[in-house]
2 protein chains.
Amino acid sequence: MARGGPAQPTDQARSVYRPLSPGEVKITGGLWATRAERNRAAAIPSGLKQLGEAKNLFNLELAAGRTSGQPVGPIFADSDVYKWLEAAAWEYGRKADERLLADIDGVVELIAAAQEEDGYLNSMVPTRDGGRYVDLPQHHEFYCYGHLIQAAVATARTTDRRQLLEVAMKIADHLVATFGEDKRHDVDGHPVIEMALVELYRETGTAAYLELARYFVEARGRGLIEGYGFQPAYFSDRVPVREQTTVEGHAVRAVYLGAGATDVAAELDDQELLAALEAQFAAMVDEKEYLTGGLGSRWEGEAFGDPYELPPDRAYAETCAAIGGIQWAWRLLLATGKSSYADQIERMLYNGFLAGVSLPGTEYFYVNPLQHRDHALADTQRSVQNGRLGWFDCACCPPNVMRTFASLEGYIASTDAGGVQIHQYVPGLIDSGDLRLRVETDYPWHGRIKIIIEQASATATKISFRIPAWAEDATVDGAVVEAGGYATVERTWQADDQLVLELPLRPRLTAPDPRVDAVRGCLAIERGPLVYALEKTDQPGGVAPDDLAITADAGFAEREQSDLLDGIVVVTAQGKVIDRATEQPGSRPHPRPAPATRDTELVAIPYYAWCNRGPQAMRVWIPTA
Amino acid sequence: MARGGPAQPTDQARSVYRPLSPGEVKITGGLWATRAERNRAAAIPSGLKQLGEAKNLFNLELAAGRTSGQPVGPIFADSDVYKWLEAAAWEYGRKADERLLADIDGVVELIAAAQEEDGYLNSMVPTRDGGRYVDLPQHHEFYCYGHLIQAAVATARTTDRRQLLEVAMKIADHLVATFGEDKRHDVDGHPVIEMALVELYRETGTAAYLELARYFVEARGRGLIEGYGFQPAYFSDRVPVREQTTVEGHAVRAVYLGAGATDVAAELDDQELLAALEAQFAAMVDEKEYLTGGLGSRWEGEAFGDPYELPPDRAYAETCAAIGGIQWAWRLLLATGKSSYADQIERMLYNGFLAGVSLPGTEYFYVNPLQHRDHALADTQRSVQNGRLGWFDCACCPPNVMRTFASLEGYIASTDAGGVQIHQYVPGLIDSGDLRLRVETDYPWHGRIKIIIEQASATATKISFRIPAWAEDATVDGAVVEAGGYATVERTWQADDQLVLELPLRPRLTAPDPRVDAVRGCLAIERGPLVYALEKTDQPGGVAPDDLAITADAGFAEREQSDLLDGIVVVTAQGKVIDRATEQPGSRPHPRPAPATRDTELVAIPYYAWCNRGPQAMRVWIPTA
């Protein structure tokens with residue numbers, strides 16, 4: 001059983017909630033169990049194969065002196081190997097599997113052989129790109145270290161192996177000896193080392209690692225990154241972290257930095273820094289987050305846009321950014337105990353993240369737009385018109401998805417001195433030590449969540465349920481509880497005691513922030529945690545969503561379809577088909593004559609399931625009729 | 001006096017109208033005279049200086065063996081020199097200036113010295129990028145040739161010098177010997193060579209140049225460009241030109257190709273090809289052109305988006321693309337005689353093009369969005385938040401602007417067997433041989449255009465006025481004429497005869513195509529050929545345009561302000577200030593409560609003049625209250 005999950009604050013840390021180890025939570029059925037099993041059985045093996053074919057492993061063999069040639073691929077190619085390794089390690093913690101362990105051992109041995117005497121490790125930069133640390137903003141050396149360290153911590157927490165942890169400590173010691181306030185003053189262009197070093201401190205107790213993480217957080221925004229094509233905002237380097245009031249620049253970088261800075265703030269109980277990070281996250285949610293939890297509205301620089309710049313069609317919303325958003329939200333949730341962060345994890349997980357992977361689990365989207373037009377053209381590999389792909393030239397997303405599925409149990413529940421908190425609703429088992437619970441639910445399809453006490457201590461203990469902000473009229477054992485917060489029941493529990501939480505899962509219409517110019521005059525359909533989308537193939541007559549409008553005051557119907565897209569609830573609503581033939585193209589004098597319309601039924605599926613029947617037109621935000 | 005302008009069809013070409021040479025048209029006052037004079041006095045000299053500082057000239061000196069070192073800058077750096085040279089040549093045609101001619105001579109001599117024995121000429125590719133023609137899709141060798149040839153034709157038409165034309169012919173002969181149906185089968189990633197070769201054929205009579213241009217047009221879309229990161233659509237290489245029905249991919253490439261293919265179609269009287277090009281241009285106007293005439297909605301790939309993907313904030317709308325759009329429209333106008341092409345030139349010239357250059361004429365926008373939010377961040381050099389810049393790392397736009405100002409007279413009027421056509425209204429002189437006209441007008445500020453006959457032949461001659469499609473209730477000598485077409489008056493003219501065209505310049509509201517999701521629920525203000533914009537500094541109380549809405553049925557007022565922005569007509573309209581403090585941020589359940597508003601006056605200036613008082617919030621499309 002795993003000794004700790006992906007973020008494990010020390011006892012000294014400011015942590016309102018304490019995470020349960022993945023091994024203390026089991027997901028036993030439902031949507032996430034199905035998808036995690038596919039991740040185990042299909043995606044992780046396929047990932048190792050892809051790392052071979054894309055030459056990532058070859059590069060490490062080169063660095064280990066086991067073969068000859070020139071390294072190939074993007075400069076951060078090593079990191080894909082490390083993310084895969086982290087996925088494999090968490091997966092081994094979920095289900096011990098000797099073949100998987102052998103795969104892990106093989107890759108770890110290769111990595112150890114590629115490490116240089118003083119701890120430096122990179123298969124590309126020294127031979128191909130001009131030498132170690134010559135271009136930290138672009139060369140991603142710490143970024144690769146960060147992912148290696150995260151993988152090492154995962155292997156230490158789920159296996160009896162120590163080799164990768166030793167490699168990681170050698171790297172960290174080398175970094176501590178080389179960088180810092182009174183040494184070389186520098187930061188990496190792509191954060192992740194911050195989270196990793198804090199976790200390595202948590203695993204090893206070496207305070208210097210925490211101190212270096214703190215340094216890397218504090219050194220940002222002080223002019224260290226200059227003149228690299230993109231301006232400092234791209235690197236989250238325009239403003240010191242504790243003075244920053246929003247997120248900006250490259251989205252994955254920004255949220256990884258936010259997560260790492262939150263780890264630092266928690267361990268040092270730095271309340272000023274934590275408050276700044278809470279404000280940044282809040283600004284992100286209000287001004288720069290898609291309804292799906294997608295983050296980053298610009299293709300150029302894979303970046304957050306200006307506030308309210310949220311185009312649905314050209315949303316970048318990189319799968320990795322949703323993953324980083326979940327990691328950041330989880331750390332803020334632990335540090336502050338505020339349910340809104342768990343709400344955000346739910347939104348990102350069920351929508352922005354889950355859309356990034358095909359139902360079979362082995363194909364991935366890099367970008368996750370909220371609208372895709374009929375007859376769209378693919379002009380780059382990342383275009384969704386290509387469908388989800390098995391791998392990418394820049395393959396950061398696939399192994400990131402794998403490690404997220406494999407560590408999902410880490411985000412479900414937590415404890416504090418008084419009891420247990422359930423943040424996400426999945427069928428399964430939660431064991432907090434004092435209390436063992438079984439959760440029975442068909443969530444997110446049905447809102448009934450039954451908790452059965454399997455074992456309890458003799459003292460009064462609290463069970464807290466997150467009540468999502470959207471869950472008006474939720475009840476616990478029949479009593480209405482307030483939306484947006486935790487509903488807590490304290491009792492001296494007996495085995496077989498039960499509690500029933502009802503989250504009313506009605507389809508609902510959501511209006512965008514009026515400042516979001518790109519979706520003015522549109523509404524979206526949501527149901528529970530799921531954002532819905534219109535996909536062309538489902539519409540009567542095969543009408544493209546481009547030509548549909550929604551009747552804003554119309555009612556909904558819903559139907560379960562177990563044969564469709566792994567089993568979903570389909571939502572239908574009244575709408576209109578716009579007869580484009582009655583409309584003159586182009587801009588025209590105001591007022592334009594209204595085009596002819598006819599009634600239709602809009603058929604909506606969960607956004608995450610789109611593009612599993614071929615690339616086709618889709619939209620989340622629907623113009624009002 | 002210039003012997004031919006920038007596109008000079010032969011007598012054999014299909015050409016409903018024949019261009020007047022720049023020397024046969026003089027712009028004697030008004031907006032364009034002012035701006036062209038600044039181009040002459042400030043921009044062109046500044047351009048030569050920038051070419052020195054940015055090392056473009058140094059690269060050519062290297063290639064000429066006059067100095068030593070390594071070439072620097074983007075791979076197409078030579079083309080900036082050639083575009084500057086073309087600007088200088090046209091400018092010399094407008095106003096002979098010995099110092100300018102000496103500058104031209106110096107640069108031409110350098111270029112001639114850099115040319116290799118067999119005609120090959122490139123200062124970067126052979127020494128730095130792996131050798132000649134190893135990567136035509138990326139290396140821009142023909143693109144550079146194209147701009148050199150255009151410059152050479154300009155020097156031949158405006159000066160007595162032949163050296164650059166000889167260099168150009170040597171290049172063209174070398175290309176003819178190397179590429180084609182029965183030789184090396186290849187095309188360049190970036191079109192422009194097509195237009196250039198046709199013009200060189202027109203100038204020299206060498207049919208092989210026309211044939212090679214035809215080959216380059218026909219060879220596109222047949223799989224020659226593959227596997228270069230971007231997919232074929234980016235290179236306008238997905239579909240053969242005569243089978244294409246729209247524009248796609250990199251916008252400048254697409255419109256340059258369209259212009260060159262139109263030249264080929266005109267010279268060969270290829271009506272099938274011409275019809276395809278007309279359809280492509282029409283699709284562009286209806287589905288992919290901004291209200292400003294801006295072309296290209298994506299930063300990624302500087303590309304056209306899918307149909308109706310026209311975000312105002314992230315509009316790329318590269319200044320060069322508007323210039324290419326003007327070049328293409330002019331060629332279609334000559335070939336077909338349809339006024340809609342002249343309407344498009346007007347739209348692009350007064351808005352998408354003119355916004356690309358500062359009022360003093362020496363600073364440039366690379367991109368031309370239709371909306372810029374308050375507190376926007378600059379994250380790349382091209383961000384409009386940086387203001388217009390004197391030069392760019394990729395400096396294609398500045399010399400492109402220069403050559404456009406310097407050859408503007410070429411786009412004003414034309415002739416046919418029956419008379420003269422006036423396409424654009426500027427104060428000046430038009431001499432078609434049979435007829436000499438003086439045009440008096442304050443257009444675009446006032447709609448009165450007076451034509452005075454200065455000299456006429458004894459036979460009946462037609463004078464045709466373009467009546468813009470927006471010009472409802474236009475009159476010629478008091479008689480109402482139809483909007484959208486040419487109003488023609490045929491007479492045996494006498495000196496001092498007069499005609500008065502009145503184009504009613506009322507502010508008007510324009511509604512977008514309802515399929516353009518990004519500006520749903522918005523209206524724009526136009527007046528005559530000018531698109532208007534709200535800039536923050538002009539609004540009462542300095543309210544950012546982000547917080548303004550327009551009252552859709554409200555009236556307008558206008559006022560002339562000679563002291564503002566070189567002298568403009570300001571348009572005001574009734575509107576509302578939205579009190580954002582009364583509004584919850586983020587997406588919310590429908591219906592959201594409406595925020596509080598208060599009445600205000602919206603103050604609009606011509607879009608082209610924005611950002612001449614510092615970077616600030618601006619918008620063209622205004623939400624309706």
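Throughout, protein chains are lettered first and strands after them, A, B, ... in sequence-line order, and every chain is numbered starting at 1.
Most heavy-atom pairs under 4.5 Å with chain A, from the set B:P311, B:A552, B:A303, B:G249: that is B:A552. The candidate with the highest count of non-hydrogen atom pairs below 4.5 Å against chain B, out of A:R238, A:Q584, A:R314, A:E300, is A:R314. Ranking B:T510, B:V516, B:D553, B:D313 against chain A, the residue ahead of the rest is B:T510, based on heavy-atom pairs under 4.5 Å. No other option in A:E289, A:Q381, A:R298 has as many heavy-atom pairs under 4.5 Å with chain B as A:R298. Contact tally against chain A (heavy-atom pairs below 4.5 Å) for B:H375, B:R515, B:R588, B:Q371: the top residue is B:R515. If you tally non-hydrogen atom pairs under 4.5 Å between each of B:D517, B:D546, B:I578, B:D374 and chain A, the highest count goes to B:D517. Taking chain B as the reference chain and counting heavy-atom pairs below 4.5 Å, the highest number among A:A378, A:P312, A:P589, A:G301 is found for A:A378.
Taking a cutoff of 4.0 Å between a charged side-chain nitrogen and a carboxylate oxygen, B:R580 and B:D547 qualify as a salt bridge. Between B:R508 and B:E472 there is no salt bridge, since none of the side-chain N atoms of the basic residue sits less than 4.0 Å from a carboxylate O of the acidic one. Between A:E287 and B:R373 there is no salt bridge, since no side-chain nitrogen of the basic residue lies less than 4.0 Å from a carboxylate oxygen of the acidic one.
Of all heavy-atom pairs spanning A:A376 and B:D306, the tightest one is CB-OD2, 3.1 Å. Between A:V620 and A:M618, the shortest heavy-atom distance links the atoms N-SD, 4.1 Å.
Evaluation of the ring-ring contact (aromatic ring centres under 6.0 Å, His included) rule for B:W470 yields no partner, not counting sequence neighbours.
Here the CD-CG distance, from B:E583 to A:D513, works out to 6.0 Å after rounding to the nearest 0.5 Å. Interatomic distance, CD of B:E309 versus OG of B:S297, reported as 4.5 Å (0.5 Å rounding).
Judged purely by atom type and a 3.5 angstrom limit, B:T597 has no side-chain atom pairing as donor or acceptor with the backbone of B:K576.
Only the side chain of A:L291 comes within contact range of chain B, with heavy atoms under 4.5 Å apart. Looking at A:A233, only its side chain comes within 4.5 Å of chain B, counting heavy atoms on both sides. When heavy atoms are compared at a cutoff of 4.5 Å, A:D379 approaches chain B by way of both its backbone and its side chain.
Taking non-hydrogen atoms and a 4.5 Å limit, the residue list of residues 518-534 of chain B in contact with chain A, ordered by number, reads B:A518, B:R520, B:G521, B:C522, B:L523.
Side chains of B:P512 and A:R592 form no contact here, defined as non-hydrogen atoms less than 4.5 Å apart.
Across B:W299, B:Y234, B:Y316, a single residue satisfies ring pair (Phe, Tyr, Trp, His ring centres under 6.0 Å) together with B:H250, and that is B:Y234.
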